[in-house]
Each structure stands twice: as C-alpha cells, then as structure tokens.
> 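Quick one: this structure, given as structure tokens, is what I'll be asking you about.
Just so we're on the same page: letters track the sequence lines, and every chain starts at 1. All values reported here derive from a predicted model rather than from experimental measurement.
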2 protein chains.
Amino acid sequence: MVTIMNKVQANAKPAGLRMTRQRRLILEELDAPGRHPTADAVYQQVRRRIPNISLGTVYRNLEVLSQAGMIRKLHIGSGQKRYDRKLHKHYHVHCVQCGRISDLPGGPFGDLEEVARGNSDFDIIGYELEFEGLCRQCKDSSPRQREPN
Amino acid sequence: MVTIMNKVQANAKPAGLRMTRQRRLILEELDAPGRHPTADAVYQQVRRRIPNISLGTVYRNLEVLSQAGMIRKLHIGSGQKRYDRKLHKHYHVHCVQCGRISDLPGGPFGDLEEVARGNSDFDIIGYELEFEGLCRQCKDSSPRQREPN
DNA sequence: TTCATAATAGTAACCATTACTGTCTTGGCG
DNA sequence: CGCCAAGACAGTAATGGTTACTATTATGAA
C-alpha cells in the first residue's frame with residue numbers, strides 16, 4: 001500500500017507507482033465525466049480491452065489510486081463503493097429508486113464544519129454529504145430497477 | 001418484510017408486528033442514549049439474556065424495526081451498518097481513528113436541500129450528512145484501535 | 001382455547017472486498 | 001541496449017457482513 005507521495009505534480013504519478021496498461025485503462029474509464037462506477041462496472045468495461053484482467057487488479061488499483069489522491073472513493077447509500085475522478089469539489093445525488101448517481105454543482109458548505117466544530121469535542125476534519133431523491137426517469141415514468149453505472 | 005404501517009401511535013407497534021421477547025430486548029438495547037451499535041454489537045449484548053438468540057433474528061428485527069420507522073439505520077463510513085433509536089433529528093461525528101460515533105446537537109440544515117433542489121432535476125427527498133474527525137482520546141493520547149459499539 | 005400466521009433458531013448461501021502466491025512487467029541504472 | 005529489484009499481475013482462496021431458507025415455536029385476535 002502506498003502511504004507517502006513525495007512527488008505529486010499535475011498529471012504525475014506518485015513515486016513508486018508504475019503506469020501499467022491495466023492502470024491506464026482503469027484511469028481512462030474514470031476519466032469520462034459524470035460517471036461514478038462501482039469496482040465491478042470498471043471491471044466489466046476494462047475487460048472489453050483486456051479480457052483476462054483480474055477483478056483483484058481492479059480493486060487493488062482503485063485502492064492505490066485513491067490512496068494517491070488521484071481518484072475519490074465514494075460511500076453512497078448502503079451498497080457497493082463507487083469511484084470518481086476527483087476534479088473539483090462537488091456533491092452527489094442518489095436516486096433511491098434506481099441507484100443512479102448524478103453530480104450536483106454548488107457548495108462547498110464550509111459553514112457546516114464550523115457548526116460541527118462548535119458543538120463537539122472532536123477534531124473535525126471534514127464531512128460526507130450525499131443527497132437522495134428520485135431521478136427524472138423514476139419520477140415520471142415507471143421506475144426501472146437497479147442500474148449500476 | 002413490513003411495507004405498510006396503518007396504525008402508528010406513540011410507543012405503539014405497527015399493525016402486524018408482534019412484540020416478542022427478542023424484539024423487546026433488541027429495542028431496549030437501542031434505548032440507551034448515545035449508542036449507535038452495529039448489528040453484531042446488539043447481538044452480543046442481547047445474547048447475555050437470550051444465549052441462543054440467532055444473529056439472523058437480530059438482523060431481521062433491525063430491518064423490520066427500521067422499516068417501521070421505530071429505529072434509524074445509519075450508513076457511516078465504509079464499514080458495518082449502525083442502528084440508532086430515532087428520537088429527534090440530529091447528526092453524527094465519526095472518529096476516523098477508532099471508529100467511535102458521537103451525537104452532534106444542532107441542525108437540521110434545511111437550506112441544504114433547497115440548494116440541491118435548485119441545482120438538479122432530481123426530486124430531492126433528503127440528505128445524509130456525517131462529520132468526520134478525531135475523538136478526544138485519539139486526539140491527545142495514543143490512538144486505540146477499532147472499538148465498535 | 002383455538003388457530004392462522006408472525007417470528008424464531010439454526011444453517012446455508014450470497015456478495016463485495018481483500019489476501020495470498022507464483023509469475024510477469026516496468027523502468028531506473030549502467 | 002540489457003539487467004534486475006521490486007512493483008504489478010492473474011488466478012484463486014478466504015473473509016466478513018448480511019440475507020435467504022426451512023422446519024418449528026410462539027403470539028395474540030377471535
């Protein structure tokens with residue numbers, strides 16, 4: 001596991017990280033904007049180019065990359081973890097019907113941390129905020145079931 | 001699974017729910033204020049009074065009770081689910097070091113939903129907000145590892 | 001008291017994720 | 001360019017939390 005990154009530049013990789021074909025394709029998969037795929041979804045996609053890639057490789061890379069700060073790991077709802085190319089600070093809405101996840105412009109809400117700091121003896125270092133609702137499709141058409149992404 | 005509750009009064013159970021010894025003790029376990037136990041922690045506690053209670057029974061009851069709105073299911077961090085007797089609207093802080101969870105007075109932040117509503121075509125129905133930080137003990141003493149509760 | 005059915009104990013199955021192992025690749029260095 | 005230490009890989013087994021199944025028991029309305 002990579003713990004220290006002593007050379008992080010724009011588009012650069014932390015020291016000790018090699019750029020393999022697998023890793024590059026996984027990153028590319030996350031580069032498409034507006035996607036928040038699960039590990040398995042990344043696996044299914046990359047598999048079309050490297051048919052014998054291992055699911056473990058996908059998990060390991062997603063972990064390493066998020067440790068290195070190149071992607072973000074999201075804990076949304078109670079299901080699988082999701083991964084996001086972290087470009088700018090933003091939030092997510094989560095459809096309780098079909099599971100779809102969308103980006104939400106706006107924020108950050110810095111004052112939330114202030115309120116928390118005033119009310120607790122914890123050393124507040126941040127917060128996780130996820131909105132829930134019904135997406136367009138589930139709102140006005142018959143709800144479809146469980147599409148991951 | 002209970003889907004409809006047509007008779008909910010103060011301290012009353014929804015129609016169709018029977019009050020068994022197991023269910024009562026599980027509820028009592030959650031009644032102690034300031035606790036946010038995992039399913040397994042509830043299991044360990046109740047087991048001292050009903051030694052042969054089944055872990056499945058605990059899970060099923062926690063599910064049924066939260067469906068009935070009598071308790072709240074929390075998804076905090078990436079670990080196990082936690083359960084909370086839902087008395088009033090409040091938030092939680094989560095120690096990233098030891099995993100401890102504390103209540104946080106203050107809120108609700110109703111304006112968050114307004115902002116989200118303005119920025120999305122989702123039908124926003126709520127949000128999940130969890131703060132993260134270091135608890136008192138982990139802040140100034142040597143950190144202890146992973147106490148659930 | 002009766003009796004339909006909710007709930008239980010015990011156990012097996014499930015699913016996402018992590019760990020392990022022996023082999024292969026990468027990339028810094030000469 | 002070729003060497004080679006160590007990072008990464010594929011394949012597979014193991015883990016851990018949670019859910020599903022089944023035959024039996026207990027609840028509570030009539």
> Is a donor on one side and an acceptor on the other found under 3.5 Å between the side chain of B/S66 and the backbone of B/L62?
yes
> Write out a two-atom table: protein N or O, nucleotide N or O from nucleotides 2-6 of chain C, distance below 3.5 Å.
| from | atom 1 | to | atom 2 | distance (Å) |
| --- | --- | --- | --- | --- |
| C/dT5 | O2 | B/R18 | NH1 | 3.1 |
| C/dT5 | O2 | B/R18 | NH2 | 2.9 |
| C/dA6 | O4' | B/R18 | NE | 3.4 |
| C/dA6 | O4' | B/R18 | NH1 | 3.3 |
| C/dA6 | O4' | B/R18 | NH2 | 3.4 |
| C/dA6 | O3' | B/G16 | O | 3.2 |
| C/dA6 | N3 | B/R18 | NH1 | 3.2 |

> Output one line per pair: protein atom, nucleotide atom from nucleotides 18-20 of chain D, and distance, for all N/O pairs under 3.5 Å.
| from | atom 1 | to | atom 2 | distance (Å) |
| --- | --- | --- | --- | --- |
| D/dT18 | OP1 | B/K81 | N | 3.0 |
| D/dT18 | OP2 | B/Y59 | OH | 2.4 |
| D/dT18 | O5' | B/Y59 | OH | 3.4 |

> Quick check: does any side chain N or O of B/R82 sit under 3.5 Å from a backbone N or O of B/H75, one acting as donor and the other as acceptor?
no
> Report the distance from atom CG of A/L65 to atom P of D/dC9, rounded to the nearest whole Å.
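Nearest whole value for this atom pair: 10 Å.
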> How long is the gap from NZ on B/K73 to CG on B/D84, to the nearest 0.5 Å?
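With rounding to 0.5 Å, NZ (B/K73) is 13.5 Å from CG (B/D84).
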> Closest approach of B/P37 and B/V42, non-hydrogen atoms and distance?
CG-CG2, 3.7 Å
> Tell me: CD of A/Q22 to P of C/dT23, nearest whole Å?
18 Å
> Quick one: is A/T20 getting a side-chain N or O under 4.0 Å of the C/dT25 phosphate, OP1 or OP2?
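No, outside the criterion.
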> Measure the distance from CD on A/Q67 to P on C/dT17 and round it to the nearest whole Å.
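Computing the A/Q67:CD to C/dT17:P distance gives 15 Å.
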> Quick one: sort the A/Y91 and A/F131 rings into parallel, tilted or perpendicular, breaks at 30° and 60°.
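Ring orientation, 0 to 90° scale: perpendicular.
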> Below 4.0 angstrom, N of the basic side chain to O of the carboxylate: do B/R117 and B/E114 qualify?
yes
> Is a salt bridge present between A/E28 and A/R49, judged by a nitrogen-to-oxygen distance below 4.0 Å?
yes
> Can you see whether A/T20 engages A/R23 through a side-chain donor-acceptor pair at a distance of less than 3.5 angstrom?
no
> Given atom CE of B/M19 and atom C1' of C/dT8, what is their separation to the nearest angstrom?
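In whole Å, C/dT8 C1' lies 15 Å from B/M19 CE.
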> For the pair made of CD1 in A/I26 and P in D/dA8, what is the distance, rounded to whole Å?
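After rounding, the gap between these two atoms is 12 Å.
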> Would you mind reading off the distance between A/N52 atom CG and C/dT25 atom P, rounded to a whole angstrom?
10 Å
> How long is the line joining CG of A/N61 and C1' of C/dT25, in whole Å?
14 Å
> Donor-acceptor pair, A/K139 side chain versus B/D121 backbone, under 3.5 Å?
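Between the backbone of B/D121 and the side chain of A/K139 there is a qualifying donor-acceptor contact (under 3.5 Å).
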> In whole Å, what is the span from the CZ atom of A/R60 to the P atom of C/dT18?
12 Å
